[in-house]
Amino acid sequence: GENVEQHPSTLSVQEGDSAVIKCTYSDSASNYFPWYKQELGKGPQLIIDIRSNVGEKKDQRIAVTLNKTAKHFSLHITETQPEDSAVYFCAAGYAGGTSYGKLTFGQGTILTVHP
Amino acid sequence: DTAVSQTPKYLVTQMGNDKSIKCEQNLGHDTMYWYKQDSKKFLKIMFSYNNKELIINETVPNRFSPKSPDKAHLNLHINSLELGDSAVYFCASSQYSSGRSTKETQYFGPGTRLLVL
């Protein structure tokens with residue numbers, strides 16, 4: 001089955017700095033890679049996703065890159081703000097066929113943005 | 001206008017008891033999921049239902065039994081609760097197939113915090 005490794009487990013940055021979280025996956029069949037943000041006491045919320053037919057996707061201060069050959073993908077947050085502080089999860093899955101959207105999650109990264 | 005809702009939000013119970021958690025989504029999705037998040041924040045899928053049919057059944061003790069009365073609801077019943085069942089349980093939903101395209105985004109509920117004493 002799929003295995004997703006996420007690093008670092010904790011990340012502390014100053015407001016305005018950039019933050020990068022990296023994930024690797026094991027199953028070359030995976031073609032869908034979402035990133036979720038989980039705030040304290042809440043459920044995970046999708047912030048950005050990427051499919052294997054593109055190498056990069058950007059949405060305002062958030063970008064995700066994907067390297068299919070190396071089987072790794074990364075989340076980049078620029079100009080961080082205190083409200084970006086949360087737990088971030090990467091995930092990998094196969095969109096299509098009979099997988100019905102099964103996602104395997106990374107271990108999570110606790111991001112703290114200091115004012 | 002909550003998209004995915006769960007009840008109860010908190011559940012404190014004794015070992016050996018039986019309890020249920022309910023989930024409802026008003027997004028019109030055809031697929032629903034149960035995830036378990038342990039104390040280290042690790043999220044792991046337990047079950048998935050598509051159009052009321054069990055699709056994904058991970059290695060979960062048979063004390064856990066999901067039930068989907070209709071596409072909008074997925075409940076989780078747990079028998080003979082054990083200390084190790086203490087965790088946060090999340091329900092999620094997605095629209096797996098819609099005509100020519102699939103929409104994989106999973107929308108999560110707020111979670112049910114289960115504590116077994």
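Here the structure is a predicted model, which means the values were calculated and not measured. Just so it is clear: chains get the letters A, B, ... in the order the sequence lines come, proteins before strands, and each one is counted from 1.
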- [ ] Inspect the surroundings of CD in A/Gln60 and state if more than 12 heavy atoms from other residues, nucleotides or ligands are less than 6.0 Å away.
- [x] no

All heavy atoms of A/Phe89 vs all of B/Gln37, minimum pair found to be CZ-NE2, 3.4 Å

Same cluster (ILVMFWY, side-chain, under 4.5 Å), B/Tyr89 and B/Leu81:
yes

Side chains of B/Leu43 and A/Pro44: closer than 4.5 Å at any heavy-atom pair?
yes

*CD of B/Glu53: more than 12 outside heavy atoms within 6.0 angstrom?*
no

One should read off an interatomic distance between B/Tyr107 OH and A/Gln45 CD, to the nearest 0.5 angstrom, of 9.5 Å

So NZ of B/Lys41 and CD of A/Gln107: to nearest 0.5 Å the spacing works out to 15.0 Å

In terms of heavy-atom contacts, B/Phe42 and A/Phe105 come closest through CE1-O, 3.7 Å

field: Verify same cluster id: A/Ile77, A/Leu66 (apolar side-chain graph, 4.5 Å)
entry: yes

Student check: side-chain heavy atoms of B/Gln106 and A/Leu46 closer than 4.5 Å
no

- Item | Within 6.0 angstrom of A/Glu15 CD, more than 12 heavy atoms from elsewhere | yes

- prompt: If you group Ile, Leu, Val, Met, Phe, Trp and Tyr by side-chain heavy-atom gaps below 4.5 Å, do B/Val88 and B/Leu74 land in one group?
  reply: no

Check whether any side-chain heavy atom of A/Asp49 sits under 4.5 Å from a side-chain heavy atom of B/Thr105, and report yes or no.
yes

Between B/Phe108 and A/Gln38, is there a side-chain heavy-atom distance shorter than 4.5 Å?
no

- Task: Verify the cluster assignment for B/Leu83 and B/Leu115: are they in a single hydrophobic cluster under the rule of side-chain heavy atoms below 4.5 Å apart?
- Result: no

Under 4.5 Å to a heavy atom of chain A? For B/Glu58 that would be side chain

